[in-house]
Protein chains: 2
Amino acid sequence: MRVSDRTVPTLRDVANAAEVSVGTASKVLSGASGVSAERARRVWDAARRMGYRRNGIAADLRRGRPTSIGLVLPDLTNPFFVDIARALETHALQHGYQLILAHAGEDPERETERIRFVMSRQVAGMIVIPCSGYQRAQHAIAEARECHVPLVMADRVDDTFPANTVTTNSRSASAEGTAHLIALGHKRIAFLVNTLKLVNSRERAEGYMDAMHNANLDTYVSVVECGMTAAQSHAATLKILSGSMRPTALFTGCNVTTLGALRAIRDADLRIPLDVSLLSFDDAPWMSVLRPYLTSIRQPVEAIGHAIWQLMLKLLSGQQDECVHLSFTAELLVRESTAHAPAETAVSG
Amino acid sequence: MRVSDRTVPTLRDVANAAEVSVGTASKVLSGASGVSAERARRVWDAARRMGYRRNGIAADLRRGRPTSIGLVLPDLTNPFFVDIARALETHALQHGYQLILAHAGEDPERETERIRFVMSRQVAGMIVIPCSGYQRAQHAIAEARECHVPLVMADRVDDTFPANTVTTNSRSASAEGTAHLIALGHKRIAFLVNTLKLVNSRERAEGYMDAMHNANLDTYVSVVECGMTAAQSHAATLKILSGSMRPTALFTGCNVTTLGALRAIRDADLRIPLDVSLLSFDDAPWMSVLRPYLTSIRQPVEAIGHAIWQLMLKLLSGQQDECVHLSFTAELLVRESTAHAPAETAVSG
DNA sequence: CTGTTAGCGCGTTCAT
DNA sequence: ATGAACGCGCTAACAG
């Protein structure tokens, strides 16, 4: 008989040791009232002495009212998602909910797996930022809906999705950013996007095209799909920069893409904004250390996180039946990485 | 009678609908063998039709053998921790374990709360990188030990801690980095550290002092505690750079500190490495886009993640009784942000 | 191969 | 105020 066989003390063990019934012990340890001070003390003592740890799983199971919320994120490397997670966790904790974080790593299969896992944990609600658009996640999402689990989806979804959604108005923000570039005299503006399979990325690309079209610059439109990783974006940008008729401005569709593009610009030995202007959709902490400071489009992360949580609360309390679609406005932060387009002669030289 | 009253189907419901016993249904749905193809198909059909979702919590409870591992992280903003999480999640999934991620946000109280939550979820094991050294987490950690839950601690711990630990040899790496600076002719080297309350930060500071001492530079030793956030590090660095006898080199103790210091250098309009050299303990993806590319000390993240998991596996299978202390060696990556110290006259001028 | 049954640890009636 | 007993959804052990 090994020492490790000594099983962890259960509620019954504590009750026995304190010489009270399990019912009484349960009341004391779950903080309910209606127990004499004397017996309550005995229970606490016994619990502490035996190193009792309440089995939250069993409690949830019995109560049938889970206390945790699942959050499935596509990529922890992206500060935007991390900020969302931080905001949500704070809100959840304040309302007595625990957040179960799951990480899909931009892998659709793993995402499905993670969603199923979270569901199997009997969460009270689920918040999902899908990793490959809802086309792929569709199946797992449908399962969640069938189980009547309150579901909020964010960021990489749009209003047509049959779930509660919280998004950023990517299209108009992107158009505004592009207009800013055009106003500076740029014509050859390339738009770098991770993948057009992602709804929000697609919207950003559309916003770019809207603005180009409005300025009669259709012939200059150049949307380049360059993959989900910084390494891929790096390679793609390198190719763009080395081609003839190099763009005078780059508009990167997200955080990660920006990172890769910057590496390429660095490798190509180009100066920002003298040789090429750069506008980034998505802000990130590290951008502030760059010289020049990057001009970027910032999504209102806190507001988005707050909205997601408020929506979830309503859903949890049953105050909300039909699907709601919330949209937020991103903000263009003009800083130092965008400047007037170089004169044509300078470019060709 | 509201529609939402319709309860989610349970294993028994499925069994009834498929006209088999719960035992049979359980076997089918948990992928066990020993059921005729015909009945198995009936069960699957019924399950699909009714939108059955297995209650993993109840299963774990009954089986008494949990399938999830808790991971408590101090800060998702720091790429180092995120990399660890990614590595661990991959390993865990490959071995049939699910990772429950919890985030302390560098807040000791929340950390305690999160550790308790993870414990209450009856995890098979727990991995924690403490947020304020083990002094503060001590209590929650002790609880974990009392419950005989396999525990691996990493990064911000040392060999004296009564738990399994996986660490980086911060002290020697830091000494090596400092020596590199000294070899370049630097004397006034300031060491910026988040807080000396963190063991690993303290070790890094000690390594710095070791090297300074070996070079008879004791009078130049300057260790500055500047807090956990980039904003605080920014402010501290600004003060250092504006003082008389400005250091010719800065050695930042971690990722976040580096970020703040860079902002300050930018604000002070100083050139790296002409005016000031910069060495960063911890590498990060965004450093590669800087001009100049930062010289840094890189911890072997993958190896560390792998080691943590291997240790956890041994613990889970009961092959490991006493505490193990693993240590890894960090690597100095000399790049462009460290150069020869400017001549004395140039500095004072 | 299949069905029956006894709990896993806990919260919650309902008597007392 | 207190304790006994039931069952949450599921698995495992056993009997057929």
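The phosphate of dG3(D) (OP1 or OP2) has a side-chain N or O of T24(A) nearer than 4.0 angstrom. Between T10(B) and dC10(D) there is a side-chain polar atom (N or O) within less than 4.0 angstrom of OP1 or OP2. An OP1 or OP2 oxygen of dT2(C) is reached within less than 4.0 angstrom by no side-chain nitrogen or oxygen of S21(B).
Side-chain atoms of T167(B) come within 3.5 Å of backbone N or O of L326(B) as a donor-acceptor pair.
Between dT11(D), dC10(D), dG9(C), one nucleotide has an atom nearer to the side chain of S30(B) than all others, and that is dT11(D). Checked against dG9(D), dT2(D), dT2(C), the side chain of S36(A) finds its nearest nucleotide in dT2(D). Checking dC10(C), dG3(C), dC10(D) against the side-chain heavy atoms of R62(A) singles out dC10(C) as nearest. The side chain of L61(B) lies closest to dG9(D) when the candidates are dC10(D), dC10(C), dG9(D). Taking the side chain of R54(B) as heavy atoms from C-beta on, and the options dC10(C), dT11(D), dT2(D), the nearest nucleotide is dT11(D). When the nucleotides dC1(C), dT11(D), dG9(D) are ranked by their closest atom to the side chain of A59(B), dT11(D) comes out on top.
A straight line from CG of L11(A) to P of dT12(C) spans 12 Å, rounded to a whole angstrom. Between the NZ atom of K27(B) and the C1' atom of dC14(D) there is a distance of 11 Å, rounded to whole Å. We find that CD of Q122(B) is positioned 16 Å from C1' of dG9(D), with the value rounded to whole Å. Distance R63(B) CZ to dC10(D) P: 12 Å, rounded to the nearest Å. The CZ-C1' distance, from R65(B) to dC10(D), rounds to 13 Å in whole Å. What separates CZ of R39(A) from P of dA1(D) is a distance of 12 Å, to the nearest Å. R12(B) places its CZ atom 14 Å from the C1' atom of dG7(C), with the value rounded to the nearest Å. Per the geometry, CD1 belonging to I57(B) stands 15 Å off P belonging to dG9(C), to the nearest Å.
At least one side-chain heavy atom of E89(A) sits less than 4.5 Å from a side-chain heavy atom of R114(B). L99(B) is not listed as a side-chain neighbour of S68(B), based on a closest heavy-atom distance of 4.5 Å or more.
Residue order along DNA chain C, read from the 5' end via each residue's closest nucleotide, puts V22(B) first among G23(A) and V22(B). Both G56(B) and E19(A) lie near DNA chain D, and the one whose nearest nucleotide falls closer to the 5' end is E19(A).
The number of heavy atoms from other shown groups lying within 6.0 Å of CZ (R86(B)) does not exceed 12.
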Step-by-step salt bridge (Lys or Arg N to Asp or Glu O under 4.0 Å) determination, R42(B) to D45(B): CA-CA 5 Å; R42(B) 281 206 333 247; D45(B) 279 0; over 6 Å; no

